[in-house]
Amino acid sequence: DTLNRLVGAGAQVVLSSGNHDSARRLGFGARLLTSAGVHVRSDVSAVADPVMIGDVAVYAVPYLDPAAASVTGPLEVDERSHTAVMTGAMTRIRADREQRGPASIVLAHCFATGGAASDSERDITVGGVANVPLSVFDGVSYVALGHLHGRQQLSETVRYSGSPVAMSFSEAAHSKGSHLVDIDPATGRTEVTDVAAFEAAALAEQMFSFGTRTFSSDTSQCPSGSSS
């Protein structure tokens with residue numbers, strides 16, 4: 001219903017698979033959905049194939065499992081770490097970006113250095129290391145991250161939108177919502193506005209009763225982050 005409402009409002013929706021998703025299942029029918037304005041990215045080999053919304057290149061990176069040969073192979077990396085596979089993906093993205101205009105957005109699913117975790121995220125540690133340095137994402141206008149459930153800003157260009165509703169008691173004090181991002185296609189400069197969701201009922205009192213709100217807008221201004 002949410003996708004229907006977004007597309008019906010004229011939005012282009014960009015989605016990528018997260019660590020909770022089956023990339024193969026999510027990617028089924030992706031080409032057909034593209035014609036309807038819903039762009040699903042779950043194929044590792046297509047990380048440098050952006051969705052063009054006007055002059056803005058949107059690169060949607062699916063969750064990259066460094067323990068999977070289906071990830072390390074296409075990215076041509078030998079080291080099985082989150083930093084290695086994300087670096088491999090971003091190297092390809094930057095190479096493609098050089099052929100396009102200055103405005104670019106990356107959607108990715110990882111645990112970036114400096115992020116604050118909660119009890120409800122699934123552990124994605126491989127070899128004792130889960131963090132990806134922020135420097136891996138240098139060179140793009142805006143980075144919309146998924147995985148951590150708390151809405152947070154890690155740098156001028158890197159943010160987590162967080163989960164839309166609380167998923168555990170550890171998130172009871174979180175300020176849930178989304179980010180509205182205005183991007184200038186000519187310069188790549190961005191302006192970000194925090195948009196609050198309806199306040200949920202107190203988690204300690206009513207754990208499974210949450211308020212939700214759907215926001216629809218042109219995704220050239222409001223890109224959709226990867227799912228948590």
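All values derive from a computational prediction rather than experimental measurement. Just so you know, residue 1 is the first one in the sequence shown, and it goes up from there.
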Between Arg94 (side chain) and Asp138 (backbone), is there a donor-acceptor pair under 3.5 Å? yes

Check the angle between the aromatic planes of Tyr63 and His82 and answer parallel, tilted or perpendicular using the 30° and 60° thresholds. tilted

Apply side-chain contact (heavy atoms from CB on, under 4.5 Å) to the pair Val195 and His179, showing each step before the final yes or no. CA-CA 6 Å; Val195 181; His179 295 129; over 6 Å; no

Just wondering, do Phe137 and Leu145 contact through their side chains at under 4.5 Å, heavy atoms? yes

With no hydrogens and no angle check, is any side-chain donor or acceptor of Tyr160 less than 3.5 Å from a backbone partner on Ala112? yes

What are the two closest non-hydrogen atoms of Leu75 and Gly88, and how far apart are they? CD2-C, 4.2 Å

Sorted by chain and residue number, the side chain to side chain donor-acceptor pair (under 3.5 Å) partners of Ser45 (sequence neighbours excluded) come out as Asp43

Separation between CG (Leu3) and CG (Leu33), nearest 0.5 Å, reads 8.0 Å

Just by modelled atom types, is the Ala67 backbone N or O under 3.5 Å from a matching donor or acceptor in the Arg80 side chain? yes

Which atom names give the shortest non-hydrogen contact between Val47 and Tyr59, and what distance separates them? O-CD2, 3.6 Å

Could you check whether any side-chain heavy atom of Ile93 comes within less than 4.5 Å of a side-chain heavy atom of Met90, counting everything from C-beta outward? yes

Quick one: CG on Asp194 to OG on Ser161, what's the gap to the nearest 0.5 Å? 10.5 Å

Compile the donor-acceptor pairs under 3.5 Å between side chains in residues 97-107 and protein atoms, sequence neighbours left out, one pair per line.
unit_1, atom_1, unit_2, atom_2, d
Arg97, NE, Ser104, OG, 2.8
Arg97, NE, Gly139, O, 3.0
Arg97, NH1, Gly139, O, 3.4
Arg97, NH2, Pro102, O, 3.0
Arg100, NE, Asp96, OD2, 2.6
Arg100, NH2, Asp96, OD1, 3.3
Arg100, NH2, Asp96, OD2, 3.4
Ser104, OG, Ser141, N, 3.4

Evaluate the side-chain contact (heavy atoms from CB on, under 4.5 Å) criterion for residues His39 and Gln12: first the C-alpha distance (whole Å), next the side-chain angles of each, then the deciding distance (0.1 Å), finally the verdict. CA-CA 8 Å; His39 308 273; Gln12 294 289 311; 2.7 Å; yes

I'd like to know if the side chain of Gln153 reaches the main chain of Ser155, judged simply by a donor and an acceptor atom lying under 3.5 Å from each other, with no hydrogens or angles considered. yes

Reported OG1-to-CE distance for the pair Thr91 and Met86, which is rounded to 0.5 angstrom: 11.5 Å

Val132, Leu64, Thr83, Val61 screened by side-chain contact (heavy atoms from CB on, under 4.5 Å) with Cys110, the one that passes: Val132

Please find the pair of heavy atoms, one from Pro50 and one from Ala48, that lie closest to each other, and give the distance. CD-O, 3.2 Å

same_hphob_cluster(Val56, Met52) at 4.5 Å side-chain heavy-atom cutoff: no

For residues Asp182 and Thr190, determine if any side-chain heavy atom of one lies less than 4.5 Å from a side-chain heavy atom of the other. no

Glu156 with Arg189: basic N within carboxylate O range, under 4.0 Å: no

In short, Thr72 meets Pro66 closest at the heavy-atom pair CG2-O, 3.5 Å

Side-chain heavy atoms of Val14 within contact of Ile53, under 4.5 Å: yes

Separation between CG (Leu15) and OG (Ser42), nearest 0.5 Å, reads 10.0 Å

Residue pair Arg41 / Pro62: nearest heavy atoms and the distance that separates them: O-CB, 3.9 Å

